[in-house]
Undergrad: 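Dropping a structure here in structure tokens format, bear with me for questions.
Every chain is numbered from 1 and lettered A, B, ... according to where its sequence line falls, protein lines coming before strand lines. We use all heavy atoms of the structure for the numbers below, so side chains are in, but hydrogens, waters and symmetry mates are not.
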Protein chains: 2
Amino acid sequence: MASTSCRRPSPVFAALGDPTRVALLERLRAPGGRNLSALAVGTGMSRQAVSKHLGVLTHAGLVRASSRGRDTVYELDAAPLAEAAAWLDEFRALWDARLDRLDTFLHQLAPEETP
Amino acid sequence: MASTSCRRPSPVFAALGDPTRVALLERLRAPGGRNLSALAVGTGMSRQAVSKHLGVLTHAGLVRASSRGRDTVYELDAAPLAEAAAWLDEFRALWDARLDRLDTFLHQLAPEETP
DNA sequence: GGGAAGCGCAACCATTTGGTTGCATATCGC
DNA sequence: GCGATATGCAACCAAATGGTTGCGCTTCCC
């Protein structure tokens, strides 16, 4: 098979494709969790907009939301980040392997032309 | 500073967020490059749609396009993938460091309650 | 030279996305 | 109980996205 073995984490990449969501993740990197209002302040957006972005992040598995009485607490979950990094590394590794095989193939064909 | 040091590779993540584009990248992983028509066949899309996706990938730096006579040859450039993976690792590392500091802080506060 | 192949550009359309506002509901604290 | 706080849901809107078709230009090859 020429494809990577693990599943492609497209939702994670799509979630990370928006700088606003990345900024939210950086705010969530502090331990302890934040509620929606605390996350929305200073972003220049309404709470509802922030809530939508948090929904995308939650759907991608990057954020866990737990209802805590009156407000919902959002926490970072970095496990999908590790999966995404692993996919990137695997993709690159397979690509490099292809190039290495091409290199040896060219060497076998014409050793003097590929120093 | 609480932010990661390197710039956030949002365009790369946005480009990888579409499964169609990831499939194109996997087709491009074979060495030698492909022209537009070869990439479009079998995708169920028109050449123009594939060209737009290739434009997004090129803009993200994941693909290099070189004009080769009548047709343009597209080649994979995996360097942004490495940058993206590095960003993911750095983000996770900083987050883990925060958690570690919290852990030691809690230990200093009440050693018997955090086994 | 002339037909065919390959590509880019522009116009166009449907759907999704990113954002807003308004309102209803649940919860906390006095 | 009651006011204030925190959230979710629905409707709505502008802009971006993903796709199409058509046309024109360049390049190959016979």
Undergrad: Rounded to whole angstrom units, what separation is found between the CG atom of A:Leu57 and the C1' atom of C:dT17?
TA: 15 Å
Undergrad: Looking at side-chain heavy atoms only, is the closest gap between B:Leu24 and B:Val50 below 4.5 Å?
TA: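 Contact flag for B:Leu24/B:Val50 side chains = yes.
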Undergrad: Got a list of protein N/O to nucleotides 26-30 of chain C N/O distances below 3.5 Å?
TA:
from, atom 1, to, atom 2, distance (Å)
C:dT27, O3', A:Arg70, N, 3.4

Undergrad: Are A:Leu54 and A:Leu28 side-chain neighbours, meaning at least one heavy-atom pair lies under 4.5 Å?
TA: yes
Undergrad: Check whether A:Arg29 reaches the backbone of B:Trp95 with its side chain - one donor and one acceptor, N or O, closer than 3.5 Å.
TA: no
Undergrad: Could you pull out the closest heavy-atom pair between A:Val22 and B:Ser10, with the gap in Å?
TA: CG2-OG, 4.3 Å
Undergrad: Do A:Thr43 and A:Thr20 have side chains that get closer than 4.5 Å, going by heavy atoms?
TA: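 Answer no - side chains too far apart.
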Undergrad: For residues A:Ser37 and A:Asn35, is any side-chain donor paired with an opposing acceptor at under 3.5 Å?
TA: no
Undergrad: Output a table of nitrogen or oxygen pairs between the protein and nucleotides 15-21 of chain D separated by less than 3.5 Å.
TA:
from, atom 1, to, atom 2, distance (Å)
D:dG18, OP1, B:Asp18, OD2, 3.4
D:dG19, OP2, B:His53, NE2, 2.2
D:dG19, N7, B:Lys52, NZ, 2.9
D:dG19, O6, B:Lys52, NZ, 2.4
D:dT20, OP2, B:Ser46, N, 3.1
D:dT20, OP2, B:Ser46, OG, 2.6

Undergrad: Do side-chain atoms of B:Arg27 reach the backbone of B:Arg34 as a donor and acceptor pair under 3.5 angstrom?
TA: no
Undergrad: Between P on C:dG6 and CZ on B:Arg34, what's the gap in Å once rounded to a whole number?
TA: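 Answer to the nearest Å: 15 Å.
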Undergrad: B:Val73 and B:Gly32: which non-hydrogen atoms are nearest, and at how many Å?
TA: CG1-O, 4.2 Å
Undergrad: Rounded to whole Å, please give me the gap between CG in B:Asn35 and P in D:dT26.
TA: 20 Å
Undergrad: Sort out for me which residue in B:Asp89, B:Val12, B:Leu16 forms a side-chain contact (heavy atoms from CB on, under 4.5 Å) with A:Leu88.
TA: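 Running side-chain contact (heavy atoms from CB on, under 4.5 Å) over B:Asp89, B:Val12, B:Leu16 with A:Leu88 returns exactly one hit, B:Leu16.
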Undergrad: Could you tell me whether A:Ser67 contacts a base, only the sugar-phosphate backbone, or nothing, with contacts defined as non-hydrogen atoms closer than 4.0 Å?
TA: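 Here A:Ser67 touches no strand at all.
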Undergrad: How large an angle, rounded to 10°, do the end axes of the helix from C:dG1-D:dC30 to C:dC30-D:dG1 enclose when each is built from five base pairs?
TA: 30°
Undergrad: Consider only side-chain heavy atoms of I, L, V, M, F, W and Y, link residues closer than 4.5 Å, and tell whether A:Val56 and A:Leu81 are in one cluster.
TA: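 Different clusters.
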